[in-house]
Amino acid sequence: MPEQTDWEMKAANLLKAELKRKSVTYAQLAELIADKEVNIRNKLSRGKFSAAFLFQCLSALKVDVLHL
């Protein structure tokens, strides 16, 4: 399996930080976006997910502004 690129790692870390900032667990996020917790855990640990998934999660978390 290919290693995570810097950009994939940054995207995963950004989403993890927003989850922590909003005090939302993977299970709660899974419920918000109608997915399974294991799928979310795998996507974030691998850093392999689409921009659409990132936007879906950020929208569910009601994140309006991102500081990169």
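Keep in mind that this is a model prediction, so the values were computed, not measured.
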When the side chains of residues 9-20 are checked against the rest of the protein, which donor-acceptor pairs come out under 3.5 Å, sequence neighbours left out?
residue	atom	partner	partner atom	Å
N13	ND2	M9	O	3.3
E18	OE1	R21	NE	3.2
E18	OE1	R21	NH2	3.0

Taking all heavy atoms of K22 and all of V63, pick out the closest pair and write down the distance.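 Closest pair (atom of K22, atom of V63, distance): CE-CG2, 4.0 Å.
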Please list all pairs passing the ring pair (Phe, Tyr, Trp, His ring centres under 6.0 Å) test where one or both residues lie in residues 5-42, with sequence neighbours left out. none
Can you pull the ring pair (Phe, Tyr, Trp, His ring centres under 6.0 Å) pairs that have at least one residue in residues 30-51, sequence neighbours excluded?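 The answer is F49-F53.
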Nearest 0.5 Å, please: how far is CG in L32 from CD1 in I40?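 Those atoms lie 8.5 Å apart.
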Pairs touching residues 32-41 that satisfy side chain to side chain donor-acceptor pair (under 3.5 Å), sequence neighbours left out: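 The answer is D35-N39, E37-R41.
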Sorted by chain and residue number, the side chain to side chain contact (heavy atoms under 4.5 Å, CB included) partners of T25 (sequence neighbours excluded) come out as A27, Q28
Single-linkage hydrophobic cluster, 4.5 Å side-chain cutoff, F55 and L66 together: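 Unlinked, F55 and L66 end up in two clusters.
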